[in-house]
Amino acid sequence: MSAALKDACHSPAHLSGASEDEESTHVLTVSAAKLDKQSVIVQISFAFVYALRVDILADDLAQARARGAVFSVLGRRAPWGLEFGGRRLLTAHLLLQGEALLESPDLPPAPLRAKDVALVRRGAAYRLVSHPGAAAEPIAEARHRGSDAGATDATILCGAYVLEGTVGEALLDALPRVVVIPGAQLTPAHATAIELLAAEAAAGGLGQQTLLDRLLDVNLVHTLRAWWSQPGAEPPAWYRAAADHRLRPALEAMHADPAQHWDVPALAHAAGMSRAAFSARFTAAVGQSPARYLTTLRMQRAKDALIRTDAPLSRIAADAGYRNEYAFATAFRRRYGLPPGRWRAAVARSADGRSDLSLIPGPGEDRAGAGRHGDGQLRT
């Protein structure tokens with residue numbers, strides 16, 4: 001994940017109580033559009049175990065290797081239209097000037113105005129047009145032709161995001177097909193990022209692509225925050241739970257080091273609660289017990305390691321918090337229906353076109369089982 005994207009995940013509100021001499025992390029501020037650094041260390045157990053508190057959104061984006069790239073900035077005179085195949089995992093459209101309509105056969109039309117931000121997940125082909133029924137040219141042809149000459153009625157910035165692995169899938173699953181954040185609802189920091197994007201797109205100059213891509217990263221974080229804060233949105237369970245000042249330190253500790261020998265007393269201590277009260281509050285907020293949540297987190301990390309690396313099972317097991325590869329294999333098979341070695345081979349064959357990936361249990365197809373760690377239980 002790019003530094004700009006990770007830095008934008010932090011906000012001053014998240015850092016209340018941090019001392020002045022603590023290590024810093026970047027934050028985009030509105031007044032000077034500068035990046036500041038701060039981070040927090042929290043005691044997480046009465047056994048004197050310490051861990052860095054991790055911004056969970058930043059951690060998930062890092063695990064998903066999220067990154068953005070601007071692929072076109074086009075000025076258009078009305079009538080105009082752009083057609084997109086809908087094959088990219090996640091596409092961003094920022095209307096820097098003018099008005100537009102996002103049309104898709106599987107969704108009602110979505111009007112866009114200046115400074116509105118839209119995210120579109122992979123799916124059916126769709127169009128951005130100046131008005132209903134306007135003719136649209138394929139985006140590849142539009143990019144080749146470039147902007148219309150002279151004064152334009154609209155400026156459209158288009159970019160794409162890559163999110164990999166099981167964590168990336170989970171983040172995408174927490175979004176509808178189309179997300180629109182009206183410019184009038186942008187936070188000051190998000191509005192500043194959009195203004196910087198617009199200014200850089202208009203100015204050009206050396207290094208422009210790098211600046212646009214990193215500002216697009218910042219836009220993703222702000223757009224996720226804005227959407228998940230909307231009434232009726234369905235953010236990840238951890239996002240809702242992280243708003244609870246008691247649960248947040250426990251969640252951050254687990255994300256900082258999933259392999260740690262967490263037990264309910266240590267997590268409850270981090271939350272400043274009794275074991276029973278913590279377990280009940282965590283389960284109500286997250287929708288699963290601390291043990292189940294921790295197991296899911298570990299398995300996400302393990303599955304991504306199986307896909308992305310050729311590390312031996314013994315190392316992946318240790319990194320996932322299991323005392324040996326046999327305990328890990330048992331837990332993995334219980335959850336996904338295949339031992340990790342066979343699962344890895346099946347994914348590799350699918351990538352080569354030699355098997356059907358749909359037959360491989362996915363992250364939402366857990367077989368069963370509570371959280372397991374070494375001896376198989378998250379102790380209470």
Would Tyr239 and Leu224 count as a side-chain contact (heavy atoms from CB on, under 4.5 Å) if you check the C-alpha gap in whole Å, the side-chain angles of each, and the deciding distance to 0.1 Å? CA-CA 10 Å; Tyr239 190 86; Leu224 291 176; over 6 Å; no
Mind running salt bridge (Lys or Arg N to Asp or Glu O under 4.0 Å) on Arg127 and Glu83 for me, showing each step along the way? CA-CA 4 Å; Arg127 311 177 338 138; Glu83 186 174 15; over 6 Å; no
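Here Glu137 pairs with Arg145 in a salt bridge; the nearest charged N to carboxylate O distance falls below 4.0 Å. Electrostatic pairing of Arg177 and Asp106 counts as a salt bridge here, judged by a charged N lying under 4.0 Å from a carboxylate O. Classification of Arg298 and Asp257 as a salt-bridged pair fails, no side-chain N sitting under 4.0 Å from a carboxylate O. Contact check on Arg281 versus Asp244 returns a salt bridge, with a Lys/Arg side-chain nitrogen under 4.0 Å from an Asp/Glu carboxylate oxygen. With respect to the salt-bridge test (charged N to carboxylate O, under 4.0 angstrom), the residues Glu164 and Arg67 qualify. Salt bridge absent: Asp263 and Arg275 never bring a charged side-chain N and a carboxylate O closer than 4.0 Å.
Among pairs with a residue in residues 229-238, those fulfilling side-chain hydrogen bond (donor to acceptor under 3.5 Å, both in side chains) read Asp60-Trp238, Gln185-Gln230, at least two apart in sequence or across chains.
The structure places CZ of Arg333 at 15.5 Å from CH2 of Trp343, a figure rounded to the nearest 0.5 Å. The distance from the CZ atom of Arg113 to the CD atom of Gln97 is 15.5 Å, given to the nearest 0.5 Å. To the nearest 0.5 Å, atom CZ of residue Arg308 and atom NZ of residue Lys303 are 12.0 Å apart. Rounded to the nearest 0.5 angstrom, Arg248 CZ and Ile56 CD1 are separated by 7.0 Å.
Criterion: ILVMFWY side-chain heavy atoms under 4.5 Å apart, direct or through other members. Under it, Ile194 and Ile156 are not part of a common hydrophobic cluster. Under the 4.5 Å side-chain heavy-atom criterion for Ile, Leu, Val, Met, Phe, Trp and Tyr, Leu94 and Leu101 are members of distinct hydrophobic clusters.
If you run side-chain contact (heavy atoms from CB on, under 4.5 Å) between Phe71 and each of Leu212, Leu216, Thr91, only Thr91 comes through.
Partners of Trp227 according to the ring pair (Phe, Tyr, Trp, His ring centres under 6.0 Å) rule, which considers only residues two or more places apart in sequence or in another chain, do not exist here.
More than 12 heavy atoms of other residues, nucleotides or ligands lie within 6.0 Å of CZ in Arg121, so this atom counts as buried by the packing criterion.
In this structure, a donor-acceptor pair under 3.5 Å is absent between the side chains of Ser130 and Arg77.
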Extract all donor-acceptor atom pairs below 3.5 Å that involve side chains of residues 200-209 and protein atoms in other chains or at least two apart in sequence.
unit_1, atom_1, unit_2, atom_2, d
Gln208, NE2, Glu200, O, 2.8
Gln209, NE2, Val70, O, 2.7
Gln209, NE2, Asp213, OD1, 2.8

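Taking the six-membered ring for Trp and the full ring otherwise, the centers of Phe278 and His269 sit at least 6.0 Å from each other.
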